[in-house]
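Every value quoted in this text rests on a predicted model; they were computed, and no experiment measured them. In each ligand, atom 1 is the first atom listed, and ligand 1 is the first ligand listed.
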Amino acid sequence: MVLRATIAGCGAYLPERRLSNDELAALHGLDTSDAWIRERTGIGFRHMAAPGETASDMGAAAARDALAHAGVEASEVDAILVATSTPDSAFPATAVRIQARIGASRGFAFDMAAACTGFVYALGVADSLIRAGQARCVLVIGTEVYSRILDWTDRGTCVLFGDGAGAVLLRAEEGTGAIADRGIISCHLHADGRFGDILHIEGGAGSTGGPGLLRMAGKEVFRHAVTKLAAVVDEALAANGLTHADIRWLVPHQANARIIEAMGRKLNLPAERVVMTVERHANTSAASIPLALAEARRDGRIADGDLVVMEAIGGGLTWGAALARF
Ligand code: UT7
């Protein structure tokens with residue numbers, strides 16, 4: 001018998017305010033158009049946090065939703081991992097703030113920063129904690145307020161991102177170690193700091209100070225995305241003796257519909273088996289995969305027994321993939 005981290009619940013939170021491309025352009029006086037944004041990115045709308053609404057506010061809402069979906073009480077949670085690049089403050093960690101907010105007090109809680117790959121990284125760490133017997137009931141949350149770190153005069157980046165939070169509740173269950181077991185099968189994480197400059201926060205809350213605004217060389221990131229994501233998904237499949245034909249659902253990081261469609265083609269997956277939220281959510285960084293998971297699990301698309309591949313790339317560069325059976 002082995003310990004497996006099963007995905008017992010999925011939760012989501014999106015701020016109330018929803019902005020179309022045209023509304024965003026008018027609000028910030030941007031020289032752009034709905035047609036350009038849709039054609040190059042697939043984005044139509046994004047949600048925006050209310051003034052004063054923080055990563056912990058949104059993460060707590062998504063966490064409560066995941067707990068309710070799993071039918072688990074906050075008092076049962078023994079670890080909380082939060083993936084975010086927009087924490088409320090350097091400390092207390094956003095995870096600890098969420099712990100207090102949802103009424104959990106056992107165990108431990110900490111934040112992880114791997115930009116848009118944050119959720120896949122956090123899932124990998126949570127899976128290891130569960131396999132090692134260090135925790136049995138773990139909340140993994142992605143929560144982001146990118147509207148606070150965007151340069152609203154830079155049309156090349158500010159149209160791409162949105163705010164939101166998603167969460168999963170992982171529970172330890174005994175498995176046989178077979179590929180048919182429910183739960184996280186494996187996570188494959190990578191980083192290459194030599195490419196730190198192509199997607200980064202200039203200054204910010206770290207030791208370098210400054211205004212803390214997002215900068216991206218979009219075309220370069222795009223090139224890395226298509227090759228690195230395909231490679232890491234193939235690495236995950238090969239590690240488990242699986243092929244493209246075994247994938248039931250692709251739940252990718254939602255940065256750009258063109259990248260997602262390219263991945264679907266590489267994996268020979270029809271569009272109906274790829275979960276896409278980018279049109280309505282834009283890029284919510286570490287929140288985008290758990291938001292997409294929550295949508296597809298709760299509307300019945302992802303069924304019990306389905307094999308799901310998650311993949312993401314983000315600032316660092318960081319990238320990774322996770323395989324899970326629901
Ligand atoms: O989540 C982390 C990972 N991030 C990503 O995966 C993002 C990857 N990159 C991308 O998704 C794309 O590169 C972008 C959507 C960011 C940009 O699309 P692109 O097709 O690579 O466009 P580009 O940057 O090459 O720009 C093409 C043109 C430029 O004009 P010129 O130089 O050809 O005259 C830009 O100035 O489009 C212009 N442009 C815009 N025009 C209207 C850039 N942004 C806009 C805009 N509206 N918002």
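- Both the backbone and the side chain of Phe222 come within contact range of ligand 1, each with a heavy atom under 4.0 Å.
- Heavy atoms of Leu30 stay at 4.0 angstrom or farther from ligand 1.
- A donor-acceptor pair shorter than 3.5 Å cannot be found between the side chains of Ser288 and Gln254.
- With respect to atom 11 (O) of ligand 1, the closest heavy atom belonging to the protein is Asn256 ND2, 2.6 Å.
- The ligand atoms of ligand 1 that sit less than 4.0 angstrom from a heavy atom of Leu199 are 2 (C).
- Note that atom 34 (O) of ligand 1 has no protein non-hydrogen atoms nearby, at separations under 4.0 angstrom.
- Glu235 and His190 form a side-chain donor-acceptor contact under 3.5 Å, judged by distance and modelled atom types alone.
- Asp163 and Ser147 are linked by a side-chain donor-acceptor pair at a separation below 3.5 angstrom, with hydrogens and angles left out of the test.
- The nearest protein atom to atom 39 (N) of ligand 1, hydrogens excluded, is given as Trp36 CZ2, 3.4 Å; this is a heavy-atom distance.
- Of the N and O atoms on the side chains of His244 and Asp234, at least one donor lies less than 3.5 Å from an acceptor on the other residue.
- No side-chain N or O of Arg325 forms a donor-acceptor pair with one of Thr6 less than 3.5 Å apart.
- Near Gly156, the atoms of ligand 1 lying under 4.0 angstrom from a non-hydrogen atom of the residue are 44 (N).
- Scored by the side chain to side chain donor-acceptor pair (under 3.5 Å) test, Ser186 finds His188, Asn240 as partners (sequence neighbours excluded).
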Next item on the list: Please assess Asp306 against Arg297 for the test salt bridge (charged side-chain N to carboxylate O under 4.0 Å, His left out), listing each intermediate value before the final yes or no.
Entry: CA-CA 10 Å; Asp306 283 356; Arg297 178 63 170 156; over 6 Å; no
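- Residue Thr32 approaches ligand 1 through these ligand atoms, each under 4.0 Å from one of its heavy atoms: 42 (C), 46 (C), 47 (N), 48 (N).
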Item checked: Intermediate values then yes/no, salt bridge (charged side-chain N to carboxylate O under 4.0 Å, His left out), Glu76 and Arg171 -> CA-CA 10 Å; Glu76 295 176 58; Arg171 294 205 84 157; 3.1 Å; yes
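- The protein non-hydrogen atom at the shortest distance from atom 5 (C) of ligand 1 is Val221 CG1, 3.6 Å.
- In this structure, atom 16 (C) of ligand 1 lies nearest to the protein heavy atom Leu160 CD1, 3.7 Å.
- Ligand-side atoms of ligand 1 in range of Thr41: 15 (C), range being under 4.0 angstrom from any heavy atom.
- No side-chain donor from either of Thr41 and Arg258 sits under 3.5 Å from a side-chain acceptor of the other.
- A donor atom on one side chain and an acceptor atom on the other are found under 3.5 Å apart for Arg46 and Asn21.
- Each of the atoms 2 (C), 3 (C) of ligand 1 lies under 4.0 Å from some heavy atom of Ile313.
- Where the criterion is an N or O separation shorter than 3.5 Å, residue side chain and backbone included, Gly218 meets it with respect to ligand 1.
- For the pair Arg280 and Phe45, the cation-pi criterion (under 6.0 Å, within 45° of the ring axis) is not fulfilled.
- Under 4.0 Å from ligand 1, the heavy atoms of Asn283 that appear belong solely to its side chain.
- There is no protein heavy atom less than 4.0 angstrom from atom 24 (O) of ligand 1.
- Residues Thr153 and Asp151 bring a donor and an acceptor atom of their side chains to less than 3.5 Å of each other.
- Note: an N/O pair closer than 3.5 Å links Arg40 and ligand 1 by distance alone.
- With distances taken over non-hydrogen atoms, the option nearest atom 21 (O) of ligand 1 out of Lys219, His224, Arg258, Arg223 is Lys219.
- Using a 3.5 Å distance cut-off with no hydrogens or angles, the side chains of Thr86 and Glu144 do pair a donor with an acceptor.
- Proximity of atom 31 (P) of ligand 1 to the protein is not indicated, since no non-hydrogen protein atom lies closer than 4.0 angstrom.
- The shortest separation from a heavy atom of Thr157 to ligand 1 is not under 4.0 Å, leaving the residue out of contact.
- Counting only heavy atoms of the protein, atom 29 (C) of ligand 1 lies nearest to Arg155 NH2, 4.8 Å.
- Checking atom 2 (C) of ligand 1 against the protein gives a heavy-atom contact under 4.0 Å.
- Shown here, atom 48 (N) of ligand 1 is in close reach of the protein: a heavy atom of it lies under 4.0 Å off.
- Within 6.0 Å of the CD atom in Glu73, the count of heavy atoms belonging to other residues, nucleotides or ligands does not exceed 12.
- Of the protein's non-hydrogen atoms, the one nearest atom 6 (O) of ligand 1 is Ile259 CD1, 3.3 Å.
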